[in-house]
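What follows is one structure encoded as structure tokens, with my remarks underneath.
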Amino acid sequence: MSQLIIRGGSRLEGETEIQGAKNSVLPILAATLLTAGQVELRGCPRLRDVDASVRILEGLGCTARWEGPDTLTVDTRSLEGCAVSEALMREMRSSAIFLGAILARCGQAELSYPGGCELGPRPIDLHLSGLRDLGAEIDDAGGVLHCKALRLRGREVVLSFPSVGATENLMLAACGASGVTTIANAAREPEIVDLQGFLTACGARVSGAGTSTVSVEGGRTLHGCTYTVMPDRIAAATYLCAAASAGGEIFLRRAREEHLSTVTAVLREAGCAIRSDEEGVACACRGRPAAVRPVRTAPYPGFPTDAQAILMAALLRCRGAAVFEENMFENRYRHVDELARMGANIRVSGRAAVVTGVERLHGAPVRCTDLRGGAALCVAALAAEGETEVSETGHIDRGYEDIARDLRALGAEARRLER
Ligand code: UD1
């Protein structure tokens with residue numbers, strides 16, 4: 001059991017380098033299965049979810065080795081299975097992303113149903129109906145997905161919602177299908193563009209990522225490659241919000257503002273001065289944040305649901321009120337009760353939350369409820385007087401390499417306590 005101890009109330013000053021993106025590296029690790037070769041991933045973040053993905057690859061007979069602080073080499077030539085155990089599936093809900101890749105490589109796959117998570121139900125109906133469109137036979141009785149596809153055939157697949165995971169799963173399956181697959185109403189997240197970049201580096205023909213129509217010309221033999229994972233836009237958003245919360249001047253090396261423009265737009269409205277260039281993003285904030293217009297989460301390029309809790313934490317001391325509308329997940333306000341322990345004034349009604357800015361926050365013992373909710377507690381703690389003890393930090397480790405290290409580099413008093 002570990003805790004994060006954060007002493008708030010002082011301005012930040014410093015710089016840190018943004019880790020590789022969790023949501024990019026997970027589908028890329030699944031995609032390594034398509035190559036039957038050796039892949040060197042640079043800028044690979046060391047995260048609990050990456051460890052879980054590596055265990056899935058190893059469970060399938062592949063090998064993976066860290067070659068340095070952030071280089072992971074994966075060799076999928078020795079793949080010998082097509083089943084992922086229930087225990088491994090439970091470790092990481094986004095493991096459904098392995099379905100398309102295993103199916104493309106082996107012609108069959110067996111995975112347990114990912115089920116719900118901290119954020120509420122986590123259906124994969126769009127993944128399954130898209131794979132069925134490509135010719136997969138899927139039997140999902142008894143909580144286990146038995147999938148078979150002697151031959152996947154490319155065609156147009158229309159998603160009824162631009163799901164990130166479904167788009168990625170279909171891109172991977174389509175690499176193993178004959179002919180051309182077109183994914184209509186595809187998700188447009190930067191991580192989809194990164195997945196296209198990786199697949200292209202392996203010799204795949206994929207185009208359109210970043211737009212609503214992604215095309216894959218399947219049936220090509222893919223080879224290994226060396227690829228650098230894009231920087232994590234949500235980690236960058238977290239540290240920008242940390243500066244807005246505590247005040248101060250920070251620089252985030254490698255951060256890319258073009259991936260974050262809806263977040264930086266709100267922070268500018270709150271009074272932060274933000275500049276960016278090819279090196280990274282700089283942010284200077286002083287005093288209490290100003291009130292901002294309502295923030296509504298939506299698929300990219302809308303405001304990211306993953307930054308909702310974090311931004312809320314940054315605005316707890318705003319002058320006025322801030323309204324949030326969560327449109328992506330049912331259960332994404334679980335951090336609110338914990339923030340209230342620190343003196344926050346937040347009212348939740350259905351998918352809306354209203355923050356009424358308070359003058360002061362105070363340190364308190366708080367508990368992480370989920371990954372980004374946990375990060376939000378750290379952001380709030382930086383503005384709170386006294387010490388905050390954040391417990392159940394395992395959630396945070398799923399997506400941040402070492403949040404205490406990064407916050408210290410930014411001038412905060414933060415340490416990890418192993419119990
Ligand atoms: C990804 C991100 C997650 C982020 C989310 C939304 C990864 C590993 N995770 O998750 O951090 O919060 O995008 O930006 O990249 N849905 C269905 N049926 C489906 C699939 C999704 O109803 O088959 C619903 C979900 O319940 C949710 C919404 O669609 O309400 C968005 O989900 P989706 O875009 O698929 O998110 P993930 O890929 O799971």
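If you read the sequence from its start, that first residue is 1, and numbering goes on from there. Whatever order the structure lists them in is the order used to number ligands and atoms, beginning at 1.
Only the side chain of Thr305 comes within 4.0 Å of ligand 1, judged by heavy-atom distances. Contact annotation: for Arg332 versus ligand 1, heavy atoms closer than 4.0 Å belong to the side chain alone. Contacts between Pro123 and ligand 1, counted as non-hydrogen atom pairs separated by less than 4.0 Å, involve both the backbone and the side chain.
The nearest heavy-atom contact from the protein to atom 36 (O) of ligand 1 is Phe329 CZ, 4.2 Å. Here the protein heavy atom with the shortest distance to atom 35 (O) of ligand 1 is Ser163 OG, 2.6 Å. The single protein non-hydrogen atom nearest to atom 27 (C) of ligand 1 is Met328 O, 3.3 Å, given as residue, atom name and distance. Closest protein heavy atom to atom 39 (O) of ligand 1: Arg122 NH2, 3.1 Å. Of all protein heavy atoms, the one lying nearest to atom 18 (N) of ligand 1 is Asp125 OD1, 2.7 Å.
A distance-only check finds a donor-acceptor pair linking the side chain of Arg48 to the backbone of Gly394 [under 3.5 Å].
Inside a 4.0 Å radius of atom 24 (C) of ligand 1 there is not any protein heavy atom.
Residue nearest to atom 3 (C) of ligand 1, selected from Ile192, Asp306, Val164: Asp306 (by heavy-atom distance).
A side-chain donor-acceptor contact under 3.5 Å links Ser178 and Arg151. A side-chain donor-acceptor contact under 3.5 Å links Asn327 and Glu325.
Salt-bridge annotation for Asp133 and Arg153: absent, with no side-chain N of the basic residue lying under 4.0 Å from a carboxylate O of the acidic one. A salt bridge links Arg416 with Asp397: the distance from a Lys NZ or Arg NE/NH1/NH2 to an Asp or Glu carboxylate oxygen falls below 4.0 Å. The pair Arg268-Glu257 counts as a salt bridge, with a side-chain nitrogen and a carboxylate oxygen less than 4.0 angstrom apart. Using a 4.0 Å cut-off between charged side-chain N and carboxylate O, Glu58 and Arg55 make no salt bridge. The existence of a salt bridge linking Arg233 and Glu191 is confirmed by a sub-4.0 Å separation between a basic side-chain nitrogen and an acidic carboxylate oxygen.
Shown in contact with Ile124 at under 4.0 Å from a heavy atom are these atoms of ligand 1, numbered in order with element: 19 (C), 23 (O). In summary, the atoms of ligand 1 found under 4.0 Å from a heavy atom of Ser94, numbered by their order in the structure, are 8 (C). Near Gly165, meaning under 4.0 Å from any of its heavy atoms, are these atoms of ligand 1: 35 (O), 38 (O). Shown in contact with Phe161 at under 4.0 Å from a heavy atom are these atoms of ligand 1, numbered in order with element: 28 (C), 29 (O), 31 (C).
Under the 4.0 angstrom criterion for non-hydrogen atoms, His127 is in contact with ligand 1. At a 4.0 Å cut-off, not a single heavy atom of Ala166 sits close enough to ligand 1 to count as contact.
For Glu330, the CD atom is loosely surrounded, since the number of other residues' heavy atoms within 6.0 Å does not exceed 12.
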Applying side-chain contact (heavy atoms from CB on, under 4.5 Å), run through Thr388 and Ile5 and close with a yes or a no. CA-CA 6 Å; Thr388 295; Ile5 311 292; over 6 Å; no

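Taking any N or O of Asn23, backbone or side chain, at least one lies under 3.5 Å from an N or O belonging to ligand 1. The N/O atoms of Leu126, backbone and side chain alike, include one that comes under 3.5 Å of an N/O atom in ligand 1. Polar contact check, Leu26 against ligand 1: no nitrogen or oxygen pair lies under 3.5 Å apart.
Atoms OG1 and CD, on Thr393 and Gln3 in that order, are 8.0 Å from each other to the nearest 0.5 Å. For the atom pair OH of Tyr239 and OG of Ser245, the computed distance is 14.0 Å after rounding to the nearest 0.5 Å.
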